[in-house]
Peer 1: 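Below is the structure I would like to discuss, written out as structure tokens.
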Amino acid sequence: MTEPVWLPTAVAPPTPPVPPAPVTGEWLDLEVEGEGEHTLLTPSSPLEAIGLKWFWIGNLGDAEVRVGFRSEKSGLVLFNKTVAYLDGYGLALPDWKWLPPGEALILRVVGDKARLSLSLYYARRGV
């Protein structure tokens, strides 16, 4: 009976994980008037996703308003808060909050004579 012959095989060293590309965003500054739903950003293709990192909402109207960000179709709520008269609210998220691909970012405003100052830091990425 013959003994098996063991042949050395080359094993590739483990490759380090490739870090994701840094996300670079854009600023959007605008003033929104009136109650209802306002489309802020729409994807340029069905596979593009919109992400939110930082925002500021200032209430310039005559009374408190309820404001919120949500996705267009899935209803994913990113933020929902009451902002007092002549007050503001800002939030810096620890990481990017991405909407599902192909969905627009909607601002929902509830309040009489609503007038808001809005600043967003957002990004787009293809999937």
Side-chain angles (χ1 to χ4, degrees):
M1 183 159 170
T2 24
E3 290 191 31
V5 176
W6 296 97
L7 299 173
T9 57
V11 176
T15 56
V18 178
V23 177
T24 55
E26 301 176 41
W27 287 101
L28 175 67
D29 296 311
L30 61 132
E31 194 170 296
V32 177
E33 290 192 30
E35 187 174 44
E37 293 192 342
H38 307 272
T39 302
L40 298 178
L41 299 166
T42 56
S44 58
S45 77
L47 298 178
E48 185 178 65
I50 295 172
L52 190 60
K53 177 74 172 162
W54 183 94
F55 67 87
W56 168 260
I57 298 171
N59 183 359
L60 307 173
D62 294 339
E64 73 177 17
V65 293
R66 184 136 192 104
V67 293
F69 295 111
R70 70 171 184 83
S71 64
E72 179 183 31
K73 298 172 193 158
S74 67
L76 174 69
V77 176
L78 301 175
F79 171 76
N80 194 12
K81 185 166 180 67
T82 299
V83 180
Y85 167 62
L86 291 180
D87 198 4
Y89 186 82
L91 184 62
L93 301 167
D95 202 7
W96 288 93
K97 184 70 175 179
W98 294 97
L99 295 178
E103 294 202 27
L105 178 65
I106 306 290
L107 172 70
R108 184 165 189 247
V109 180
V110 178
D112 294 333
K113 299 179 184 176
R115 193 168 141 240
L116 302 172
S117 171
L118 181 66
S119 292
L120 298 173
Y121 187 63
Y122 73 97
R124 298 172 185 267
R125 73 173 176 196
V127 175

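Just the heavy atoms: all of them, side chains too, but no hydrogens, waters or symmetry mates, feed the values below. Being a predicted model, the structure only gives us computed values, none of them experimental.
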Peer 1: Go through the structure and list residues passing ring-ring contact (aromatic ring centres under 6.0 Å, His included) with Tyr85, not counting sequence neighbours.
Peer 2: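 Tyr85 satisfies ring-ring contact (aromatic ring centres under 6.0 Å, His included) with no other residue.
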Peer 1: Please check this pair: side chain of Ser71 against backbone of Leu99, looking for a donor-acceptor N/O pair closer than 3.5 Å.
Peer 2: no
Peer 1: Answer yes or no: is there a donor N or O on one side and an acceptor on the other, between the side chain of Glu48 and the main chain of Ser44, under 3.5 Å?
Peer 2: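 Here the side-chain-to-backbone pair exists.
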Peer 1: Before giving the answer on side-chain contact (heavy atoms from CB on, under 4.5 Å), spell out for Lys81 and Leu91 the whole-Å C-alpha distance, their side-chain angles and the decisive distance to 0.1 Å.
Peer 2: CA-CA 11 Å; Lys81 185 166 180 67; Leu91 184 62; over 6 Å; no
Peer 1: Could you walk me through whether Leu40 and Leu118 satisfy the side-chain contact (heavy atoms from CB on, under 4.5 Å) test, starting with their C-alpha distance in whole Å, then the side-chain angles of each, then the deciding distance to 0.1 Å, before giving a yes or no?
Peer 2: CA-CA 10 Å; Leu40 298 178; Leu118 181 66; 3.7 Å; yes
Peer 1: Give me the one residue out of Phe69, Tyr122, Tyr121 that meets side-chain contact (heavy atoms from CB on, under 4.5 Å) with Phe55.
Peer 2: Phe69
Peer 1: Does Val67 form a side-chain contact (heavy atoms from CB on, under 4.5 Å) with Asn59? I'd like the steps, not just the answer.
Peer 2: CA-CA 10 Å; Val67 293; Asn59 183 359; over 6 Å; no
Peer 1: Is a side-chain donor or acceptor of Glu72 paired with a backbone partner of Glu103 at a separation under 3.5 angstrom?
Peer 2: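 Not a single qualifying donor-acceptor pair exists.
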Peer 1: Any side-chain heavy atom of Leu105 within less than 4.5 Å of one from Leu120?
Peer 2: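 Yes, at least one pair of side-chain atoms sits under 4.5 Å.
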Peer 1: So among Val83, Thr82, Val109, which one has a side-chain contact (heavy atoms from CB on, under 4.5 Å) with Arg66?
Peer 2: Thr82
Peer 1: Do Trp96 and Arg125 come close enough that some side-chain heavy atom pair is under 4.5 Å?
Peer 2: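 No, too far: nothing below the 4.5 Å cut-off.
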Peer 1: Hey, quick one: are Leu116 and Leu28 part of the same hydrophobic cluster, counting side-chain heavy atoms closer than 4.5 Å, chains of contacts allowed?
Peer 2: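 Cluster IDs for Leu116 and Leu28 match.
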Peer 1: If I take atom CG from residue Leu78 and atom CG from residue Leu107, how far apart are they, to the nearest 0.5 angstrom?
Peer 2: 11.0 Å
Peer 1: More than 12 foreign heavy atoms under 6.0 Å from NZ of Lys53: is that the case here?
Peer 2: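 Atom NZ in Lys53 is packed in, count exceeds 12.
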Peer 1: Do Val77 and Ile50 belong together in a cluster built from hydrophobic side chains that touch within less than 4.5 Å?
Peer 2: no
Peer 1: Nearest 0.5 Å please: distance from the CG atom of Leu41 over to the CD1 atom of Ile106.
Peer 2: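 Answer rounded to 0.5 Å: 9.5 Å.
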Peer 1: Please, which pairs that meet salt bridge (charged side-chain N to carboxylate O under 4.0 Å, His left out) have at least one residue in residues 22-42, sequence neighbours excluded?
Peer 2: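 Of all non-adjacent pairs touching residues 22-42, those that pass salt bridge (charged side-chain N to carboxylate O under 4.0 Å, His left out) are Glu31-Arg115, Glu37-Arg70, Glu37-Arg108.
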Peer 1: Apply side chain to side chain contact (heavy atoms under 4.5 Å, CB included) to Trp56 and list each qualifying residue two or more places apart in sequence or on a separate chain.
Peer 2: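 Result, side chain to side chain contact (heavy atoms under 4.5 Å, CB included) vs Trp56: Trp54, Ser119.
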Peer 1: Would you check, one step at a time, whether the test side-chain contact (heavy atoms from CB on, under 4.5 Å) holds for Leu52 with Phe79?
Peer 2: CA-CA 11 Å; Leu52 190 60; Phe79 171 76; over 6 Å; no
